[in-house]
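Reviewing the structure listed below.
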Protein chains: 2
Amino acid sequence: MSSKQTAEPAALLRQHGLQVTAQRLAVMKVVSAHPHATAEGVAEDVRAEIGSISRQGVYDALGTLADNGLVRRIQPAGSPARFEGRTGDNHHHLICRDCGAVVDVDCAVGAAPCLTPSDDAGYNIDEAEVIYWGYCPTCTANREARTDN
Amino acid sequence: MSSKQTAEPAALLRQHGLQVTAQRLAVMKVVSAHPHATAEGVAEDVRAEIGSISRQGVYDALGTLADNGLVRRIQPAGSPARFEGRTGDNHHHLICRDCGAVVDVDCAVGAAPCLTPSDDAGYNIDEAEVIYWGYCPTCTANREARTDN
DNA sequence: CGCGCATCCTTGACAAAGTCAATTATTTGA
DNA sequence: TCAAATAATTGACTTTGTCAAGGATGCGCG
């Protein structure tokens with residue numbers, strides 16, 4: 001019990017030299033409980049958690065956590081930014097063009113092969129972000145129904 | 001000379017059942033001349049080309065062209081949408097976290113392997129978008145200079 | 001060549017997402 | 001407990017993009 005739980009939120013913050021505040025703890029909790037939430041969604045859930053938080057507080061906490069790798073920010077076209085707690089495991093996302101649903105997928109080819117493009121143009125690459133676009137089962141069914149017409 | 005050039009902009013528009021207008025022609029020209037331009041940048045260049053265009057005209061033209069596959073829209077996090085003329089060749093992008101510079105790269109593993117995630121969750125996938133994040137040569141140098149301090 | 005209809009463009013108001021800057025509050029080490 | 005450093009709140013502002021109504025243009029047809 002006295003051992004360091006790496007998942008202990010307060011300890012994680014301290015490990016990164018960050019102060020421990022109710023806002024940050026609540027944001028961390030919400031993000032891991034509801035992956036792929038938007039900033040707005042996080043704000044709502046945080047308010048349910050600790051009563052209130054300012055918009056700026058949410059952006060600030062999410063930004064700080066993202067800068068320190070405690071949270072990952074993804075920004076699909078046509079949708080506000082979304083946040084999730086899974087970091088550092090090289091997983092990617094599958095997004096529905098119709099309803100915007102986001103699902104996690106592990107990297108297609110294994111560990112981190114995506115980190116080796118055919119020509120890096122001299123860039124110093126540190127991440128490969130992959131988004132698979134398509135239609136989720138529900139929306140696929142809707143579209144087929146329409147086509148069969 | 002009289003043969004159909006598939007790259008003939010006006011013909012391309014007609015092939016897709018679209019009217020040929022000065023605005024669309026100018027937008028197409030600008031997008032292929034300046035890949036990765038933002039909507040704002042396209043608007044400026046189009047004005048230099050044909051005198052004037054409304055903001056809505058630019059968005060409308062870009063949207064219509066994108067819907068018809070004549071232009072590709074990419075939307076990197078932390079940056080407005082960008083547009084390019086290269087379509088259908090499964091190439092990806094390399095973006096600098098500092099200066100936002102965008103560079104094309106061919107698909108890392110070949111044709112379209114990205115279209116086969118390890119688990120498609122029942123989704124009907126039609127595109128895989130890959131963004132490599134890192135630092136361009138110039139910004140890498142700047143950062144190292146700062147670190148060597 | 002000119003008419004009419006469909007399509008397109010312009011205009012101006014509006015909305016969403018996020019940022020900036022100044023002030024106030026909280027955390028935390030001494 | 002105190003003071004300095006760090007965070008949070010507040011409210012105005014910016015950027016990027018959309019909506020809706022009306023005028024202008026492209027283009028098939030006679």
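In what follows, chains carry the letters A, B, and so on, assigned in the order in which the sequence lines appear, proteins first and then strands, with residues in each chain numbered from 1.
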OG/B:S52 to CD/B:Q23 distance, rounded to the nearest 0.5 angstrom? 8.0 Å

According to side chain to side chain contact (heavy atoms under 4.5 Å, CB included), who are the partners of A:R55, at least two apart in sequence or on a separate chain? A:Y59

So how far off straight is the helix from C:dC1-D:dG30 to C:dA30-D:dT1, going by the axes through five pairs at either end, to 10°? 30°

Same cluster or not: are A:V102 and A:L94 linked, directly or through other Ile, Leu, Val, Met, Phe, Trp or Tyr residues, by side-chain heavy atoms under 4.5 angstrom apart? no

Intermediate values then yes/no, side chain to side chain donor-acceptor pair (under 3.5 Å), B:D106 and B:H92: CA-CA 6 Å; B:D106 291 326; B:H92 302 310; over 6 Å; no

So where does chain A start and stop touching DNA chain D, 5' to 3', when the test is distance under 4.0 Å to a non-hydrogen atom? D:dT6 to D:dA12

Tell me whether B:V71 is reachable from B:I74 by hopping between hydrophobic residues (I, L, V, M, F, W, Y) whose side-chain heavy atoms are closer than 4.5 Å. no

Go through the structure and list residues passing side chain to side chain contact (heavy atoms under 4.5 Å, CB included) with B:T38, not counting sequence neighbours. B:E40, B:P80, B:R82

For B:E84, run the side-chain hydrogen bond (donor to acceptor under 3.5 Å, both in side chains) check against B:H91, B:R73, B:H34 and tell me which one passes. B:H91

In terms of hydrophobic clustering (I, L, V, M, F, W, Y; side-chain heavy atoms under 4.5 Å; direct or indirect links), are B:I131 and B:V103 co-clustered? no

For A:Q75 and C:dA17, what is the distance between atoms CD and C1' respectively, to the nearest whole Å? 9 Å

Intermediate values then yes/no, side-chain contact (heavy atoms from CB on, under 4.5 Å), A:R24 and A:T64: CA-CA 9 Å; A:R24 285 175 182 171; A:T64 301; 4.1 Å; yes

Report all interatomic pairs (protein N or O, nucleotide N or O of nucleotides 24-30 of chain C) with separations under 3.5 Å.
{"unit_1": "C:dT28", "atom_1": "OP1", "unit_2": "A:V20", "atom_2": "N", "d": "3.1"}

Should B:V130 and A:Y132 be counted in the same cluster of Ile, Leu, Val, Met, Phe, Trp and Tyr side chains packed under 4.5 Å apart? yes

Please work out which residues in residues 53-74 of chain A have a non-hydrogen atom less than 4.0 Å from an atom of DNA chain D and list them by number. A:I53, A:S54, A:R55, A:Q56, A:G57, A:D60

Using side-chain contact (heavy atoms from CB on, under 4.5 Å), reason through A:L13 and A:L25 one step at a time and then give a plain yes or no. CA-CA 9 Å; A:L13 289 173; A:L25 291 176; 4.0 Å; yes

side-chain contact (heavy atoms from CB on, under 4.5 Å) between B:Y135 and A:I125: does it pass, once the steps are laid out? CA-CA 6 Å; B:Y135 297 93; A:I125 298 170; over 6 Å; no

